Amino acid sequence: MKSAVIYYSRTGKTRYVAKEIEKMTDATDMEIKDLTNRSGISAYISCAMDIFDNKITYIEPKHVDITDYDKIYIGTPVWGSNVAPAIFEIINRTDFRCKDVVTYVTFKGAGEIKALDILNNLVRQKGGNIIKSFAISSSDVNEFTFNTRRALKNLENY
């Protein structure tokens with residue numbers, strides 16, 4: 001079964017989880033880049049405003065081809081109890097029909113349940129079959145590794 005990991009990461013935490021998934025499942029990396037400058041303190045505020053205004057962002061790549069993949073992992077940081085605009089954009093541009101999808105979010109504070117609900121609904125609207133979801137909260141790399149591996153082991157037992 002071929003797998004791919006589609007993710008966006010502003011600070012590197014969501015990317016770290018994606019890399020663990022790739023190691024454990026031999027998945028293909030499909031990192032989405034947000035072409036809007038999202039660094040620094042002022043960018044943090046603009047990120048929140050973009051989420052609440054449902055503002056469109058420019059991404060690279062503009063499209064991903066998941067035709068040859070059976071299972072898709074999709075990861076996003078939680079921004080204001082929502083998904084990052086870059087993930088919103090790529091999901092809207094992708095057909096997930098007949099694809100099993102595992103969603104995950106990374107977060108530091110709260111809002112992970114609502115963000116996962118939004119993420120799952122977006123994927124379902126594009127025809128995806130959500131088979132599992134998980135949230136990773138931590139600032140310690142060892143905890144990220146442990147929690148990601150535990151989530152994937154639970155997926156195997158699903």
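Please read these numbers as outputs of a predicted model, since none were measured by experiment. Here, residue 1 is the first one in the sequence, and each next residue gets the next number.
Between Ser137 and Asn147 the shortest heavy-atom distance is O-ND2, 4.0 Å. When all heavy atoms of Arg93 and Lys62 are compared, the closest pair comes out as CD-O, 3.0 Å. Across all non-hydrogen atoms, the minimal contact from Ser81 to Gly111 is OG-CA, 3.3 Å. In this structure, Asp34 and Tyr58 approach most closely via the heavy-atom pair OD1-O, 3.6 Å. Listed here is the closest heavy atom pair of Glu31 and Pro61: O-CD, 3.6 Å. Val83 and Ala115 get closest at one heavy-atom pair: CG1-O, 3.8 Å.
Asp70 contributes a side-chain N or O that, together with a main-chain N or O of Lys2, makes up a donor-acceptor pair within less than 3.5 Å. Arg124 places no side-chain N or O within donor-acceptor distance of the main-chain N or O of Ile130, the cut-off being under 3.5 Å. A side-chain donor-acceptor contact under 3.5 Å links Lys126 to the backbone of Asn92. Listed for the Thr14 side chain is no donor-acceptor partner under 3.5 Å among the backbone atoms of Thr106. A side-chain donor-acceptor contact under 3.5 Å links Lys99 to the backbone of Thr67.
In this structure, the separation between CD on Glu60 and CD1 on Ile32 is 9.5 Å, given to the nearest 0.5 Å. Here OG1 of Thr94 is found 6.0 Å from CD1 of Ile66. Values are rounded to the nearest 0.5 Å. In this structure, Asp100 CG and Met1 CE are separated by 6.0 Å, a value rounded to the nearest 0.5 Å. Taking CD1 from Ile136 and CZ from Phe146, the interatomic distance works out to 10.0 Å, rounded to the nearest 0.5 Å. In this structure, CD in Glu22 is found 5.5 Å from OH in Tyr7, a value given to the nearest 0.5 Å. To the nearest 0.5 Å, the span separating CG on Asp95 from CG on Asp65 amounts to 10.5 Å.
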Q: Please step through side-chain contact (heavy atoms from CB on, under 4.5 Å) for the pair Tyr69 and Met30, ending with a clear verdict.
A: CA-CA 12 Å; Tyr69 298 94; Met30 294 185 175; 3.5 Å; yes
**Q.** Stepwise side-chain contact (heavy atoms from CB on, under 4.5 Å) test for Thr25 and Tyr73
**A.** CA-CA 10 Å; Thr25 66; Tyr73 295 85; 3.5 Å; yes
Q.
Run Leu122 and Gln125 through side-chain contact (heavy atoms from CB on, under 4.5 Å) and show every step you take.
A. CA-CA 5 Å; Leu122 290 170; Gln125 289 170 10; 4.3 Å; yes
**Q.** Residue pair Asp29, Lys19: steps toward the salt bridge (charged side-chain N to carboxylate O under 4.0 Å, His left out) verdict
**A.** CA-CA 8 Å; Asp29 182 283; Lys19 295 301 181 187; 2.8 Å; yes
Q: Take Ile6 and Ile91 through the test side-chain contact (heavy atoms from CB on, under 4.5 Å) and record every step on the way to the result.
A: CA-CA 9 Å; Ile6 299 170; Ile91 290 172; over 6 Å; no
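Trp79 is listed as a side-chain neighbour of Pro85, based on a closest heavy-atom distance under 4.5 Å. Asn120 places a side-chain heavy atom less than 4.5 Å from the side chain of Ser133.
Leu152 pairs with exactly one of Val17, Ile21, Val102 by the side chain to side chain contact (heavy atoms under 4.5 Å, CB included) rule, that one being Ile21.
By the criterion of side-chain heavy atoms lying less than 4.5 angstrom apart, applied directly or through intervening Ile, Leu, Val, Met, Phe, Trp or Tyr residues, Val101 is not grouped with Ile113; the two fall into different hydrophobic clusters.
Aromatic ring orientation, Phe134 versus Tyr104: parallel (interplanar angle below 30°, classes split at 30° and 60°).
Side-chain contact check for Thr36 and Thr57: at least one donor-acceptor pair (N or O, by modelled atom type) lies under 3.5 Å.
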